[in-house]
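Notes to accompany the following structure.
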Amino acid sequence: MIKSSAQIRQAFLNHFAKEQHQIVASSSLVPGNDATLLFTNAGMVPFKDVFLGAESRSYTRATSSQRCVRAGGKHNDLENVGYTARHHTFFEMLGNFSFGDYFKPEAIRFAWSFLTETLKLPVEKLMVTVYETDDEAFEIWNKEIGVPADKIVRIGDKPGGKKFESDNFWSMGDTGPCGPCTEIFYDHGEHIWGGPPGSPEEDGDRFIEIWNLVFMQFNRQADGSLDNLPKPSVDTGMGLERIAAIMQGVHSNYEIDLFQGLIKAAAELLDVKDLNHNSLKVIADHIRSCSFMIADGVMPSNEGRGYVLRRIIRRAIRHGHKLEAKSHFFHKLVAALAQQMGEAYPELVKQQAVIEKILRIEEEQFGRTLDRGMALLEDIIAGLDGKQIAGADVFKLYDTYGFPADLTADIAREREITIDESGFETHMQAQRERAQQASQFGTDYNEQLKSEQHTSFTGYTNSDYSATVVELFNDQGKVSTLGAGEKGVVVLDNTPFYAESGGQVGDTGIISAGDAEFEVTDTVKLGNAFAHHGIARGNIQLNARVKACIDAERRAAIVKNHTATHLLHAALRNVLGDHVTQKGSLVDDEKLRFDFSHFEAVTSDELRVIEQLVNQQIRNNSQRETALMQIDEAKAKGAMALFGEKYDDEVRVVTLGDFSTELCGGVHVNATGEIGLFKITSEAGIAAGVRRIEAVTGEAALAFVEAQTDTLDAISALVKSDRANALTKVEQAIQKAKQLEKEVAQLKQKMAAQAGSDLVSNAIEINGVKALVANVEGSDPKALRDMVDDLKNKLGSGIVMLGLANGSKVNLIAGVTKDLTSQVKAGELVNMVAQQVGGKGGGRPDMAQAGGSQPENLDSALASVQNWLSEKL
């Protein structure tokens, strides 16, 4: 019998392997080449480029059990962890995917087969939802699978929201792939409060979503229109923890085997007898996310992913403190986690010692301030006049004792008080403006780093160099050794690594000493010293002779973008005028970004000329010349300080033919031809009088052009044209669509007018007043207003009350001629009817509208109008 989490995971993968799916190992929690996400937060993330058509695989069907984290950015479940039965920072997403292969029938059949045949879940416990207009999915469930119609719920757009904004309509973004979803729910039983999806009680815990099947069917355009994708795809996701709870006969995810072992281990370490204590749940959840983050290369820090990790670690430690932890305990749970999940994820076992060490260091650091911070917080709470902790106090706890705001909020919530989030953010913004920007160590740490050393830069001509370690730092300060797995800073007497400066990012690479290596993740300036930030992969000793090797491929991409930035600056001044000056820049291995002063948007024609000028200089293959000269001599030569650096009396001047002369300490190509190709990707305003251009060079520029060509080909295919005539075809299609929309609107108006004329004969008299009450089934909701106006005109004097059932929604409208509004108010009338169909509404005395969600009650609600009017009239 399939019961344990490990059995369920393997059964899922085996099930889809039998259906010709490629089993794909879980990807890292750190998304590859995706700056839009802090962490992998869904099973489809590793396949995102495949769905977008930017990447191809050797298979068209895949299945995986993907580790995910939702604890930062848009998808953030952190504050709910420990307070609900199903929120986690870390979870596993079981998924099956089709990349233009099978679609709805197969996806639904695969899912139903796994649940009812492999897992043998009782059919009567399952129900499904579909998007309101997805008749195809409804029919498959009802006719092919045999799910009764009353067990299939249609879910429409959110009230007051945009079209296709629904829990059952998925979008990758504002534009791009999207499509309807069908979700499978499990009924935990009548003894648990809650109603089925779509009901007012749907937020209860009785009916729980266990599987979501997304049908990538459309491509949403910027105007909101949907085009059919040439190769519809499928993306599904089922939380392992949720399905395990069902298979193990428990209601809360924290009662399943994956958590019970961790909860018992934590309880034993903390000498806690109550295994249902929420703090144990928090600790068990957090050891999972923290350990997997570290295994995937995330290190605790004060920014980005590292800051999220640090917040979670400290939240877990605080809950241990709440349980009266007598010693450091959190890192000791890694062994229990490795035992629980090491077979599925061998990296936990392989990196167990490193994970334990990093967690222990964090625990020791935070432990030293936790007692004092808690004491201050208790004093703050005791002195409160109201029910909110001031933003300044929240910031003090963060700044002095390392309490993230959500940790303080967590504690406050337990005391039934809140925090002033906006006030805290004001103090945080002020700190950001004071902070150093470059370091990956975190601002507060780097402000304490001091070095009297001087590093000679050899990277203009060398990509590797022998050097001596003259200084070492970890997060405690200067040290004589950096141990394996330890994050730190290495300072050398000379280095080929460029330190971030003037917009050019710092180099990465390897510093090696025998078998030991130090992985350099960034290089920044520390006074006259160059600080190589990174992680030791073996012991690095002070005074050791080392070999410093930069990542040459990354450097080559950076220098192409850097030299192209010089050419871009010169082209901008040539085309737009000498008022253009640099206001900021970023040059890395993927792109270049250049901010400049200009009083209006750069036109498409101007951008084209600028791009052509830069590419002309690239084709000229001008040699890069550098010279050291006095600052006054350089200025006389016309050199510009491209990056606004603080220059000494003697400066480095970079000249590119007769086109560009700049003061610059950065690294460049030897000749402009090495850049290959330059392509502007965007131009926009970022502040008053400041514009920003982003561009790519070399292979990235070629890829950009190829992607544009692919897009044009796709558009041509959609309009059944070749590239040359695609624009004309698209224009014709748009004009035709506009004309059809106009004709449809006119037809609807005529139909509404005709319907109104037919309805007049149904008017009745109530105490001498004409009244027309009707269910206008089949009418257009948008035409109801015109219909009421027309009926009022035809009646001359009277009252109109119309209702329309529109799927799972009800549209109501009431109209009262002005001579009767002293006796009957349209807003009161429509509200009376709305309350009987699950809604409410109101409006002017002569015209009012409302909505509802119970179409089955519409006829009885309309029938009550006659009695209501009799009392009013």
Side-chain angles (χ1 to χ4, degrees), residues 8-9 11-24 42-48 50-53 57 59-66 92-119 121 123 126-147 149 151-155 164 166-172 177-186 197 209-219 226 228-240 242-243:
I8 296 169
R9 183 193 298 116
F12 182 89
L13 297 175
N14 291 344
H15 175 80
F16 284 98
K18 289 178 182 178
E19 300 290 352
Q20 289 76 52
H21 288 66
Q22 174 70 42
I23 297 177
V24 179
M44 64 81 66
V45 169
F47 305 109
K48 187 175 176 181
V50 184
F51 284 123
L52 290 172
R57 301 281 177 98
Y59 45 84
T60 57
R61 300 182 177 193
T63 185
S64 67
S65 179
Q66 174 64 45
E92 291 181 75
M93 186 70 83
L94 304 172
N96 59 286
F97 311 92
S98 165
F99 312 118
D101 189 334
Y102 62 82
F103 202 44
K104 294 180 185 180
E106 297 87 348
I108 291 173
R109 176 169 55 82
F110 292 156
W112 194 252
S113 171
F114 178 71
L115 293 177
T116 61
E117 297 174 16
T118 303
L119 297 187
L121 291 182
V123 172
L126 301 174
M127 69 182 307
V128 299
T129 63
V130 297
Y131 183 57
E132 184 175 36
T133 59
D134 192 358
D135 296 330
E136 181 184 5
F138 185 98
E139 291 294 316
I140 294 169
W141 280 117
N142 184 235
K143 299 292 173 54
E144 296 184 24
I145 303 299
V147 177
K151 285 290 190 80
I152 307 173
V153 181
R154 292 181 184 264
I155 303 295
F164 307 122
S166 168
D167 290 337
N168 278 66
F169 197 93
W170 175 90
S171 301
M172 189 172 285
C178 60
C181 311
T182 183
E183 298 174 327
I184 305 174
F185 285 74
Y186 182 83
E209 176 201 335
I210 56 174
W211 206 339
N212 186 14
L213 283 64
V214 175
F215 304 124
M216 295 187 192
Q217 191 169 354
F218 306 110
N219 185 30
L226 301 182
N228 288 320
L229 287 172
K231 291 185 177 181
S233 299
V234 173
D235 157 31
T236 84
M238 176 166 60
L240 174 62
R242 290 193 180 194
I243 193 65

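None of these values were measured; they are calculated from a predicted model.
- For Arg57, the salt bridge (Lys or Arg N to Asp or Glu O under 4.0 Å) partners at least two apart in sequence or on another chain are Glu55.
- The ring pair (Phe, Tyr, Trp, His ring centres under 6.0 Å) search around Phe99 returns Phe47, Phe51, not counting sequence neighbours.
- Between Trp211 and Phe16, the ring planes are perpendicular. Angles over 60° get that label, and only those under 30° would be called parallel.
- Among all heavy-atom pairs drawn from Ala42 and Gln66, the shortest one is O-CG, 4.1 Å.
- Residues His21 and Tyr102 bring their aromatic ring centres within 6.0 Å.
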Identify each donor-acceptor pair in which a side-chain atom of residues 110-117 lies under 3.5 Å from a protein atom, sequence neighbours left out, and give them as a table.
{"unit_1": "Ser113", "atom_1": "OG", "unit_2": "Glu117", "atom_2": "OE1", "d": "3.3"}
{"unit_1": "Thr116", "atom_1": "OG1", "unit_2": "Trp112", "atom_2": "O", "d": "2.6"}

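- From Thr129, atom OG1 reaches atom CG of Asp134 across 10.5 Å, with rounding to the nearest 0.5 Å.
- For Phe169, the ring pair (Phe, Tyr, Trp, His ring centres under 6.0 Å) partners at least two apart in sequence or on another chain are Tyr131, Phe164.
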**Study point:** Stepwise side chain to side chain contact (heavy atoms under 4.5 Å, CB included) check, Ile210 with Phe185
**Key:** CA-CA 6 Å; Ile210 56 174; Phe185 285 74; over 6 Å; no

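- Remark: the backbone N or O of Val147 is paired with a side-chain donor or acceptor of Asn142 at under 3.5 angstrom.
- Side chain of Asn168 to main chain of Cys181: a donor-acceptor pair is present (N/O by atom type, distance under 3.5 Å, no hydrogens or angles).
- Scanning for side-chain contact (heavy atoms from CB on, under 4.5 Å) contacts around Glu144 gives Pro105, Ile140, with sequence neighbours left out.
- Under the rule for a side-chain contact (heavy atoms from CB on, under 4.5 Å), the partners of Ala17 that lie at least two apart in sequence or sit in another chain are Ile23.
- Salt-bridge formation is not detected for the pair Lys48/Asp235: no Lys NZ or Arg NE/NH1/NH2 atom is positioned less than 4.0 Å from an Asp or Glu carboxylate oxygen.
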